[in-house]
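The chains referred to below are lettered A, B, ... by the order of the sequence lines, with proteins before strands, and numbering in each begins at 1. Reckoned from all heavy atoms, side chains included, excluding hydrogens, waters and symmetry mates.
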Protein chains: 2
Amino acid sequence: MAPRSASKSAVPSDKVGVICRALRRAIIEQALEPGAKLPEDSLGERFGVSRTIARHALGQLAAEGLVELRRNRIAVVATPSWQEARDAFDIRIELERLVVRQLAGKLTKSQVAELNAHVDAEDRARDGSDAVSIRLATEFHILLANMTNSPILVRYVSEVAYRCCLTLSLYSRPHSSECAINEHRAIIAALVKGDEAKVMSLMHSHLDSVASRALVAPAPQRGRDLLDILAPYAEEGDGGRVVKLPKVVRAR
Amino acid sequence: MAPRSASKSAVPSDKVGVICRALRRAIIEQALEPGAKLPEDSLGERFGVSRTIARHALGQLAAEGLVELRRNRIAVVATPSWQEARDAFDIRIELERLVVRQLAGKLTKSQVAELNAHVDAEDRARDGSDAVSIRLATEFHILLANMTNSPILVRYVSEVAYRCCLTLSLYSRPHSSECAINEHRAIIAALVKGDEAKVMSLMHSHLDSVASRALVAPAPQRGRDLLDILAPYAEEGDGGRVVKLPKVVRAR
DNA sequence: GGCCGTCGAACTGCATGCAATTGAGGCGCT
DNA sequence: AGCGCCTCAATTGCATGCAGTTCGACGGCC
């Protein structure tokens, strides 16, 4: 509906931007799981562009921390460690507190309407797939950030929110985020009321509860597969090599 | 001295990384002023690589907000608006409060030594060029962030610090940041002492004072040239065109 | 003299080609 | 059967070439 063509910067042409957006979305909807391979050829073919462009897009996404690039290796969707996930949430909390601090009491009527409409959409999607719910929940926060009119803040909040989303698919059990919709409504209400302190603490506890519900301890059994579990034991120094393991069948 | 090869991610090969680091440094030392042109050819030639690589590097820097990319146009060093500068500082304050909160009372002896050595270097550079002083001051903060061992936090703090650095060359009068060295020492002391609240407020006021010393109001006369002054009046929508002005001699 | 239109050089957007590296399967050896 | 080596297809790293666009300058016209 809204003609939100989003980020004006960092998008050399727009083909790159299209691919980035598509991949971001696929990643946060968990159509692409962490660790999924992203060969340049395939991407290029899929989007009707050459490898050059696909490569460029991967570079951008790597800069955002959504994909991992290793020299001469196929790019893969990032697999953040549990600690990184925690860090991302900590940063996110601070950034979003900043967002609501700037927004408290300053929302226009149409902005409030837009926010409410979004939460309604979240409500409606409750029966649908988890993926959509998660995406909408994330987009609520990005929508909020957008209203600050601070491009930098928007960029950082978006990035870190996407990263958090990514970690959710790694470490959370299903259906863990739906109950947060009420908290979104509460935040809107507090924003309208203009109570800065209140809305900041609401946002804080909202994110904190999402984080603690989602990030269920380092859970030995929760990792994707053997390789992930062993990762911390094979600290990869700047050129280090993972210890050779006898016969590991990589989970496809 | 320290074998700090820095960011492992987001660097496809390393030629790209080399170019990025070089340009970042040139930018924050103000060898490249905001608005400076960065043609792909020249960069490629300068660094002994093809345009492809130079282009990729520019893409990365654009993602960090240090350069501006516009379709079919020569890339230029970013020229943040005054408002963006303010926003960047606000974000920076929150992020660095997070840094020192995590670090308070947790520094090892060698880390403290490293910090002190750095501030000593800042002291020594006081007689040298402004550019070096500014770079060192910025690097102090990045050094601090590094000690959190949180790659994400490091990345964000670095980025936003570079951006702030960039704005300093636009909006600040010369010699405005040197007196901050004592504040760096105070922060180290408070970190060692482990007083979380104290160090957070120290960092807050440190950055706040740098910002307010530096960002001297929108100052009609302080902008680079006429075009910058007029920029806010010619909001560029996603494909909008700046209003045609009769005969503007662009300050070289 | 100043303004406008036209032209050319410069630059970007993108695809493709070639060399180098990887990792995966097959083969032989123990 | 298991383990290691070796070879080859798959994939990346990078440069170059071509087409389209922009910017600046020159020259004509008012």
(message) So, under a plain 3.5 Å distance rule, would you say the side chain of B:R51 forms a donor-acceptor pair with the base of C:dG13?
(response) yes
(request) Calculate the interatomic distance between A:E68 atom CD and D:dT12 atom P; express it in whole Å. (result) 15 Å
(request) Hey, can you tell me if B:H56 and A:H56 have their rings parallel, tilted or perpendicular (30° and 60° cut-offs)? (result) perpendicular
(request) Starting from P on D:dT12, measure out to CG on B:D14 and report it in whole angstrom. (result) 18 Å
(request) Give the nucleotide from the list D:dT12, D:dA15, C:dG23 with an atom nearest to the side chain of A:P39. (result) D:dT12
(request) Let me know the distance between CG of B:L38 and P of C:dA10, rounded to the nearest Å. (result) 19 Å
(request) When you get a sec, tell me which of D:dC14, C:dT12, D:dG13 is the closest nucleotide to the side chain of B:D41? (result) C:dT12
(request) Kindly compute the distance separating CZ (A:F47) from CD1 (A:I19), expressed to the nearest 0.5 Å. (result) 5.5 Å
(request) In whole angstrom, give the distance that lies between atom NZ of B:K37 and atom P of D:dT22. (result) 15 Å
(request) Could you check how far CZ of B:R70 sits from P of D:dC23, rounded to whole Å? (result) 8 Å
(request) Give a yes/no on whether any side-chain N or O of A:R55 is located under 4.0 angstrom from OP1 or OP2 of D:dG13. (result) yes
(message) Under 4.0 Å between a side-chain nitrogen and a carboxylate oxygen: does that hold for B:R163 and B:E159?
(response) no
(message) Could you tell me how far apart B:E45 (CD) and D:dA15 (P) are, to the nearest whole angstrom?
(response) 13 Å
(message) By nearest atom, which of the nucleotides D:dT12, C:dT16, C:dC11 is closest to the A:S50 side chain?
(response) C:dT16
(request) Rounded to the nearest angstrom, tell me the gap between atom NE2 in A:H56 and atom P in C:dT12. (result) 13 Å
(message) Can you identify which nucleotide, out of C:dA24, D:dC14, D:dA15, has its nearest atom closest to the B:V49 side chain?
(response) D:dA15
(request) When you get a sec, tell me which of C:dA15, C:dT22, C:dC11 is the closest nucleotide to the side chain of A:T52? (result) C:dA15
(message) Suppose we screen for side-chain contact (heavy atoms from CB on, under 4.5 Å). Which residues come up paired with B:E45, at least two apart in sequence or across chains?
(response) none
(request) Ignoring hydrogens and angles, tell me if any N or O in the side chain of B:E68 forms a donor-acceptor pair with the backbone of B:T79 under 3.5 Å. (result) yes
(message) Without decimals, in angstroms, what is the distance between A:L43 CG and D:dT11 P?
(response) 12 Å
